[in-house]
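A quick note: this is a predicted structure, and the numbers were derived from the prediction, not measured. Position 1 is the first residue of the sequence, and the numbers go up from there.
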Amino acid sequence: MSKSFSAFGLAVGAVALTCLPAAAQTKVTNEGISATEIVIGTHQDLSGPIKGWGVPVANGMKMATEEINASGGINGRKIRLVVEDSGYDPKKAVLASQKLIERDKIFAMVGPMGSPTVLAAQDILFDAGVLQLFPLTAAEFTFKFDPAKPQERLKFNNLLPYVESTRAALKYMMEWKGFKKPCIMHQDDEYGKNVLDGFNQQLTAMKAQPASITSYKRGASDFSAQIAKMKSDGCDLVLLGTVLRETIGAMSEAKKLGWDVTFLGATPTNVMEVPALGKDAVEGLYAASGFEIPYEDTAKGKVKDWLVNYKKMFSADANTQAIIGYNAMMTFAFYANRAGKDLTGQKMLDALESGEKFLDIFNSPPTKFSKTDHLANTITQVQQVKGGRWVLVKDNLMF
């Protein structure tokens, strides 16, 4: 799985023990819990290549924290949220996680950002008995666990997984449009590998062959070679395992070459910034998605109020990333409340695995975990950029 990083001098504190079916035991920390507060940590990209994700996610988490505390907290305890900047650098994520465990004594890591950064740091959390909850990556390593490795039980994910969402969206597009020469351009890290796995698995299931497979290094800005290769290979559908600027860069390059091809993005492309910044270059882009994106001029009720309040707090429009960050904290609060007034790590773990459903205000699929399944959702949508905003094309997709 991941390469293990050793954490020196970790002060784990008191731990609770629980039994798995195979009699293995999971230690869960009680650090960060006092009579008046619960200390929560997160690491985000606030300064690096995906700060367009990290900053609004952190804002959404802060907004949720203020709302939770203003309403009395978690059974009388206020949340203290500590945010560290990873810069989307795995080494910095490791250092940030060590600091959060050793100095800040966090109870849980909530909503950490990015596949490579989360992968690099998660073993440090597990060694310390710290729960890793709802990371901002849908890679399989964040929810699949081996019962023979009891500390892996500490990870939970509420996002649509890359492999399954890619498969569902690709299947729909190929059957709907009759594409015969699908291609992929993906980031060369854990995130990109998951998208590639979904691409390959679905083509195998459909007895189809890829026309072209190409990759790029994380942080790259020039995609001319990749686009030229895919055009030369005759691709009629291009799957993008990209994030923000890479999506726009790839499609802009295709426009320069006069290449009229259909693009399908993995779930990280399904954010408001892509049509807002990419404009005409990304018009027509399809993307896998987990929930419908709200816009202030068409939203109603609680969602409308939430969008207005976010703008007041941060002088910016709320976006997909802010919603995900907000929901990460609200989901934590839901299960922490159900863990009871005498909160412990073990009781939090039991609440998470209880099967109780959390429903957000955005009409997302329900969040529900069990003792054997730490993934909440596999229902996929396909959305498309039309007139500078995302619109729903197809809902309730499975591969």
- Is there a ring-ring contact (aromatic ring centres under 6.0 Å, His included) between H374 and F156 once you walk through the steps? CA-CA 5 Å; H374 287 189; F156 293 80; 3.8 Å; yes
- State yes or no: do V243 and I323 share one hydrophobic cluster built from I, L, V, M, F, W and Y residues joined by side-chain heavy-atom distances below 4.5 Å, directly or via other members? yes
- Note on the structure: Smallest heavy-atom separation, Q384 atom then G284 atom, equals NE2-O, 3.1 Å
- Please examine the side chains of L100 and E84, heavy atoms only from C-beta on, and report whether any two atoms are closer than 4.5 Å. yes
- Message: Within a 6.0 Å radius of atom CG on D233, are there more than 12 heavy atoms belonging to other residues, nucleotides or ligands?
- Response: yes
- Query: Would you call D189-K193 a salt bridge at under 4.0 Å N-O?
  - Reply: no
- Over all heavy atoms of both residues, which pair between F223 and A250 is shortest? Give the atoms and the distance, please. CD1-N, 3.8 Å
- Message: Tell me whether K304 at atom NZ has more than 12 heavy atoms from other residues, nucleotides or ligands lying less than 6.0 Å away.
- Response: yes
- Message: Any non-hydrogen side-chain atom of K311 less than 4.5 Å from a side-chain atom of V308?
- Response: no
- Are the side chain of N69 and the backbone N or O of I79 linked by a donor-acceptor pair below 3.5 Å? yes
- Run the salt-bridge test on R338 and E356 with the 4.0 Å N-O cut-off and return the result as yes or no. yes
- Would you please say whether a donor-acceptor pair under 3.5 Å links the side chains of S364 and D360? yes
- Query: Given D236 and K181, is the salt bridge (Lys or Arg N to Asp or Glu O under 4.0 Å) satisfied, shown in steps?
  - Reply: CA-CA 5 Å; D236 55 11; K181 302 189 75 175; over 6 Å; no
- For V130, does its backbone N or O pair with a side-chain atom of K27 as donor and acceptor, under 3.5 Å? no
- Within a strict 4.5 Å, meaning less than it, do heavy atoms of the V274 and L244 side chains meet? yes
- Message: Quick test of your reading: applying ring-ring contact (aromatic ring centres under 6.0 Å, His included), list the pairs with at least one residue in residues 275-295, sequence neighbours left out, ordered by first then second residue.
- Response: W176-Y286
- Query: Do any pairs count as a ring-ring contact (aromatic ring centres under 6.0 Å, His included) and have a residue in residues 46-69, sequence neighbours left out, and if so which ones?
  - Reply: none
- Message: Walk me through whether R389 and D297 qualify under salt bridge (Lys or Arg N to Asp or Glu O under 4.0 Å).
- Response: CA-CA 12 Å; R389 64 172 59 190; D297 59 346; 3.1 Å; yes
- Task: Please say whether the positively charged group of R218, taken as NZ for Lys or CZ for Arg, lies over the ring of Y216, i.e. under 6.0 angstrom from the six-membered ring centre and within 45 degrees of the axis.
- Result: no
- Message: Run the side-chain contact (heavy atoms from CB on, under 4.5 Å) test on I324 and L136 for me, step by step, so that the C-alpha distance in whole Å, both residues' side-chain angles and the decisive distance to 0.1 Å come before the verdict.
- Response: CA-CA 8 Å; I324 294 172; L136 273 297; 3.0 Å; yes
- Looking only at non-hydrogen atoms, find the nearest pair between G241 and V195 and report the distance. CA-CG1, 3.9 Å
- Item | Cluster check M173, L392: I/L/V/M/F/W/Y, side chain < 4.5 angstrom | no
- Message: Is it the case that the side chains of S47 and D85 hold a donor-acceptor pair, with the cut-off being a distance below 3.5 Å and no angle test?
- Response: yes
- Evaluate side-chain hydrogen bond (donor to acceptor under 3.5 Å, both in side chains) for S289 paired with Q383, printing each intermediate quantity in order. CA-CA 7 Å; S289 174; Q383 297 185 38; 2.8 Å; yes
- Item | Test ring pair (Phe, Tyr, Trp, His ring centres under 6.0 Å) applied to Y162 - qualifying residues, sequence neighbours left out | Y191
- Heavy atoms, side chains only, cut-off 4.5 Å: are Y310 and D317 in contact? no
- S232 side chain vs A228 backbone, donor-acceptor pair below 3.5 Å: no
- Task: Using salt bridge (charged side-chain N to carboxylate O under 4.0 Å, His left out) as the criterion, point out the one residue from R80, K78, R77 that pairs with E37.
- Result: R80
- Side-chain touch M330/Y326, heavy atoms, less than 4.5 angstrom: yes
- Query: Is I379 reachable from I361 through a run of I, L, V, M, F, W or Y residues, each pair having side-chain heavy atoms under 4.5 Å apart?
  - Reply: no
- Could you give me the CA-CA distance, side-chain angles and deciding distance for D123 and Q151, then say whether side-chain contact (heavy atoms from CB on, under 4.5 Å) is met? CA-CA 9 Å; D123 284 350; Q151 288 309 107; over 6 Å; no
- Joint cluster assignment, L154 & F143, ILVMFWY side-chain distance < 4.5 Å: no
- Message: Does N363 have more than 12 heavy atoms from other residues, nucleotides or ligands lying within 6.0 Å of its CG?
- Response: no
- Atom CD1 of I33 and atom CG of L343: how far apart are they, to the nearest 0.5 Å? 4.0 Å
- Query: When rounded to the nearest 0.5 angstrom, what is the spacing between OG in S97 and CD1 in I106?
  - Reply: 7.0 Å
- Between atom CE of M329 and atom CZ of F334, what is the distance when rounded to the nearest 0.5 Å? 15.0 Å
- Query: Going by the angle between their ring planes, with limits at 30° and 60°, are F369 and F134 parallel, tilted or perpendicular?
  - Reply: parallel
- Message: Could you check whether any side-chain heavy atom of T380 comes within less than 4.5 Å of a side-chain heavy atom of M398, counting everything from C-beta outward?
- Response: no
- Query: Which heavy atom in K92 sits nearest to a heavy atom in S86, and how many Å separate them?
  - Reply: CB-O, 3.2 Å
- Under 3.5 Å side-chain donor-acceptor pair for Q44 and T42: yes
- Message: Ignoring hydrogens and geometry beyond distance, is a side-chain donor-acceptor pair present between N157 and T142 at under 3.5 Å?
- Response: yes
- Query: At their closest point, which heavy atom of L170 faces which heavy atom of L237, and how far apart are they?
  - Reply: CD1-CD2, 3.7 Å
- Item | Residue pair K62, E66: steps toward the salt bridge (Lys or Arg N to Asp or Glu O under 4.0 Å) verdict | CA-CA 6 Å; K62 292 172 185 176; E66 288 196 19; over 6 Å; no
- Interatomic distance, I248 atom CD1 to R245 atom CZ [nearest 0.5 angstrom]: 10.5 Å
- Note on the structure: Closest heavy-atom pair, K371 versus F145, reported as atoms and distance to 0.1 Å, is O-CZ, 3.5 Å
- Task: Check the pair D104, K99 against salt bridge (Lys or Arg N to Asp or Glu O under 4.0 Å), reporting the backbone distance first and the verdict last.
- Result: CA-CA 7 Å; D104 298 300; K99 182 259 184 186; 2.7 Å; yes
- Whether K229 side chain and S224 backbone form a donor-acceptor pair below 3.5 Å: no
- Would you check, one step at a time, whether the test side-chain contact (heavy atoms from CB on, under 4.5 Å) holds for L349 with R153? CA-CA 9 Å; L349 184 58; R153 188 181 172 204; 3.7 Å; yes
- Message: Whether the E353 and S370 side chains hold a donor-acceptor pair (N or O, under 3.5 Å, no angle test) is what I'd like checked.
- Response: no
- Would you kindly say whether E273 and Q321 are connected by a side-chain donor-acceptor distance under 3.5 Å? yes
- Message: Classify the ring geometry of F263 against W259: parallel below 30°, tilted from 30° to 60°, perpendicular beyond 60°.
- Response: perpendicular
- Item | Any side-chain heavy-atom pair of M348 and L133 under 4.5 Å | yes
- Residue pair V28, T26: steps toward the side-chain contact (heavy atoms from CB on, under 4.5 Å) verdict: CA-CA 6 Å; V28 196; T26 305; 4.3 Å; yes
- So do the side chains of H186 and S215 get within less than 4.5 Å of each other, counting heavy atoms only? yes
